[in-house]
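As structure tokens, the structure follows; a few thoughts come after it.
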There are 2 protein chains.
Amino acid sequence: MPPAPSRAEAEERDRVDALAPFRERFVLDPDPGAPIYVDGNSLGRLPRSTATRLREVVEEEWGRGLVGSWGQWIDLAVAVGDRLGRALLGAAEGQVLVGDSTTVNLYKLATAVVDVAPAGRTAVVTDAANFPTDRFVLQGIAERHGLELRMIDDDPDADQVAAATRAGDVALVCLSHVAYRSGALLDLRGITDAARVTDTPALWDLSHSVGAVPIGLDDAGVDLAVGCTYKYVNAGPGAPAFLFVRRGLQERLRSPIWGWFGAADQFAMGPEYEPAPGIGRFAAGTPPIPGLAAVDEGTCLLEEAGLARLRDKSLAIGDQVIAHADAVLAPLGFEVATPRLHDRRGSHVSLRHPEAWRLCQALVAELGVVPDFREPDLVRIGITPLYLRFVDAWDAIDRLRLVADERRYERFPVERSRVT
Amino acid sequence: MPPAPSRAEAEERDRVDALAPFRERFVLDPDPGAPIYVDGNSLGRLPRSTATRLREVVEEEWGRGLVGSWGQWIDLAVAVGDRLGRALLGAAEGQVLVGDSTTVNLYKLATAVVDVAPAGRTAVVTDAANFPTDRFVLQGIAERHGLELRMIDDDPDADQVAAATRAGDVALVCLSHVAYRSGALLDLRGITDAARVTDTPALWDLSHSVGAVPIGLDDAGVDLAVGCTYKYVNAGPGAPAFLFVRRGLQERLRSPIWGWFGAADQFAMGPEYEPAPGIGRFAAGTPPIPGLAAVDEGTCLLEEAGLARLRDKSLAIGDQVIAHADAVLAPLGFEVATPRLHDRRGSHVSLRHPEAWRLCQALVAELGVVPDFREPDLVRIGITPLYLRFVDAWDAIDRLRLVADERRYERFPVERSRVT
């Protein structure tokens with residue numbers, strides 16, 4: 001076992017970090033004792049430019065421009081989608097739309113695919129560890145359409161997906177690119193290819209990878225994807241999500257929700273619904289304009305920093321966290337639950353401990369560290385390289401060591417509160 | 001024909017208007033030559049308190065509170081729904097939820113009702129003049145469920161709905177409380193009663209009445225409703241919509257979109273979806289927090305002014321607009337397309353003219369008046385009594401007279417632009 005990384009090493013890495021200046025692009029608490037935020041994988045920080053842009057959108061565009069601002073807003077969902085697609089998803093223009101929630105987008109796309117599935121395709125495949133809203137949406141669709149919801153093991157690889165789809169009876173495979181619990185990065189290309197052998201469409205939930213892991217949707221031939229923007233894209237609480245449909249597939253699919261923003265000639269307000277050509281057909285109601293602007297700003301900031309550099313820094317911090325945990329947390333009963341290989345790891349590290357819930361409460365309440373907890377026994381350390389420093393990650397693990405070593409969690413309640 | 005109201009009379013009415021001070025609660029252009037905004041029925045103005053609140057939500061709650069703010073956000077969709085229900089809908093608590101778009105909410109509720117419709121209920125009833133997204137959503141649901149979409153005449157009364165549902169073969173009646181084109185106010189209670197004779201549920205779209213017309217949902221025994229908040233509720237472009245489900249009906253209905261925010265024990269993240277008890281089951285994904293705050297502020301402002309007073313002022317301005325149009329616009333080929341009776345009129349007045357499109361363009365470009373246009377021949381004058389003065393409405397009609405009389409619209413293109 002190598003020795004624990006030292007705090008001085010972490011400081012040195014911050015000193016030479018080319019991305020370090022991006023930290024100042026966020027709203028930060030200037031107090032040197034401010035909490036260490038390792039929960040950016042749940043809710044990303046506020047970029048300064050977003051605060052400014054939101055004031056402009058609200059106070060100028062809405063407040064003064066009023067209804068006339070629709071001239072600049074009307075295509076924003078597609079324009080922001082194009083930018084997000086190009087900068088973060090590896091998707092050419094005309095394939096990404098921003099709006100609605102991840103849940104609603106997943107429902108729209110999964111239903112659209114199942115609606116046109118050939119006869120004999122009677123199953124939907126997902127993994128048992130997929131994010132609840134994904135499993136719930138698929139469960140609802142399976143029940144409605146009389147399909148089997150086929151659960152495969154957690155964090156599957158291409159071989160497992162090949163096995164699950166081999167019979168040619170699967171209408172849709174739906175998986176998360178990065179698993180919210182383990183932090184595992186799934187093999188997007190390999191799994192997509194494996195499903196394609198039997199012409200099975202794969203729908204990816206990119207919520208835990210977008211903005212943190214380079215994603216080549218076009219390159220991997222991905223058919224469909226959705227994802228959220230309030231984690232690594234830093235677009236704010238409940239910010240609009242996105243959806244991606246490969247261009248060649250768009251005209252064969254229809255959203256189950258026929259809304260005016262998805263209609264071919266929206267302001268003609270004609271008697272019959274005809275879906276818009278292209279990605280616009282997956283829109284429903286009036287798009288949330290301030291939310292779209294926040295997605296735009298968050299995307300611009302990530303684009304400026306560059307996803308490749310961000311990924312390198314994320315992995316380097318993750319390596320430090322894992323080495324640190326191995327050295328000082330393992331003796332206290334912790335286990336690293338996240339894959340160690342770079343090409344199998346997303347941008348958070350999950351640490352398993354039977355007292356995870358109380359440890360998290362103690363960290364927040366007494367140690368000035370904000371991680372998050374996931375049932376039943378995981379402390380998640382989110383790595384957001386735009387604003388997280390090596391030394392922050394070092395301090396977070398050191399304080400976790402302290403709180404576990406001194407059993408300072410013991411006076412916190414075992415009962416879960418509703419929000420963590 | 002009585003003479004046209006005079007501008008002096010309008011000024012006098014403003015002078016004695018108890019609601020006049022509310023105008024200063026909005027962001028206004030201080031230039032005395034600023035445009036007259038009679039399109040608040042399309043996009044309401046920005047309340048000053050909303051600008052402040054949005055800065056707080058973004059810069060303090062999100063920017064500094066970060067994920068810890070979910071403690072105050074987690075129930076916001078229900079809390080804001082309760083306030084909106086009490087203040088604007090006449091609905092007791094636990095029946096209104098804010099979130100998603102009107103389109104998505106309409107889809108959720110209409111599907112939920114159709115899903116449990118007794119055998120033999122093979123039709124969905126709406127009127128041919130209903131707002132496009134309503135007709136489109138219903139058309140999609142009818143197609144998916146193999147139902148007849150039964151279109152009745154524009155702006156129906158209770159007798160027409162009784163006739164359309166008499167056979168007991170209707171799964172759902174879906175109508176707009178105020179018609180977006182004509183401005184007609186439908187008989188919410190009478191129609192709901194007429195449908196109930198055959199146990200037919202009625203779903204009301206309140207988008208063009210909420211915040212402008214007192215609505216007694218509980219009192220009228222309404223089953224279901226949806227509506228938007230960016231018109232008279234002044235919550236901003238694409239602000240989240242709301243849905244209402246009568247308490248006694250909630251447990252019998254399930255949203256077709258099974259999302260984690262609608263699950264019984266959201267953060268347990270268990271294997272099986274179980275809908276939350278109560279109105280929360282109609283939620284789907286993560287709620288848009290800044291949007292909810294804007295709905296809250298807009299609702300508070302309306303509550304403070306009082307819907308009864310707002311309605312009185314709206315009708316008084318409408319009476320003035322109609323009298324003015326009769327006197328000076330009718331000779332120029334205009335026709336008042338909105339019902340004249342108070343109990344049949346919403347909060348906008350539609351004026352029919354063959355050159356409506358070019359008249360609107362000329363008003364915006366040269367006369368400093370912002371109305372809106374609806375196909376094929378309507379100029380809509382939106383009456384928003386929180387901030388519209390009698391003299392504004394007088395000037396708007398006078399300038400419309402001028403632009404028509406001098407045929408100043410003739411140099412504008414006949415071709416429609418996408419947004420009006």
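What you see is a predicted model; the values in this text were computed from it and never measured.
If you measure heavy-atom distances from A:L28 to chain B, the contacts under 4.5 Å come from the backbone alone. Proximity to chain B (any heavy atom under 4.5 Å) is shown, for A:A283, by neither the backbone nor the side chain. Contact annotation for B:V370: only side-chain heavy atoms (C-beta onward) come within less than 4.5 Å of a heavy atom of chain A. Contacts between A:Y37 and chain B at a heavy-atom distance below 4.5 Å involve the side chain alone, from C-beta outward. Both the backbone and the side chain of A:E59 come within less than 4.5 Å of a heavy atom of chain B. With a threshold of 4.5 angstrom between heavy atoms, B:A128 does not approach chain A through any atom at all. In this structure, the portions of A:R45 lying under 4.5 Å from any heavy atom of chain B include both its backbone and its side chain. Neither the backbone nor the side chain of A:A239 comes within less than 4.5 Å of any heavy atom in chain B. Using a 4.5 Å cut-off between heavy atoms, A:I257 touches chain B through backbone and side chain atoms alike. Contact of A:P287 with chain B is made through the backbone alone, with heavy-atom distances under 4.5 Å. Using a 4.5 Å cut-off between heavy atoms, B:F26 makes no contact with chain A at all. For A:P256, the parts sitting under 4.5 Å from any heavy atom of chain B are the backbone and the side chain alike. Using a 4.5 Å cut-off between heavy atoms, A:S101 contacts chain B through its side chain alone, with no backbone atom that close.
Between chain B and the options A:D115, A:L54, A:T111, the largest number of non-hydrogen pairs under 4.5 Å is found for A:D115. Of the listed residues B:L106, B:V27, B:D265, the one with more heavy-atom pairs under 4.5 angstrom with chain A than any other is B:V27. Ranked by heavy-atom pairs shorter than 4.5 Å toward chain A, the options B:E375, B:M151, B:R254, B:R135 are led by B:R135.
Salt bridge B:R181/B:D154: absent, no basic N to carboxylate O contact under 4.0 Å.
B:T50 places no side-chain N or O within donor-acceptor distance of the main-chain N or O of B:L46, the cut-off being under 3.5 Å.
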Chi angles and distances behind the side-chain hydrogen bond (donor to acceptor under 3.5 Å, both in side chains) call for A:E61, A:W73: CA-CA 9 Å; A:E61 295 179 20; A:W73 295 336; 2.7 Å; yes

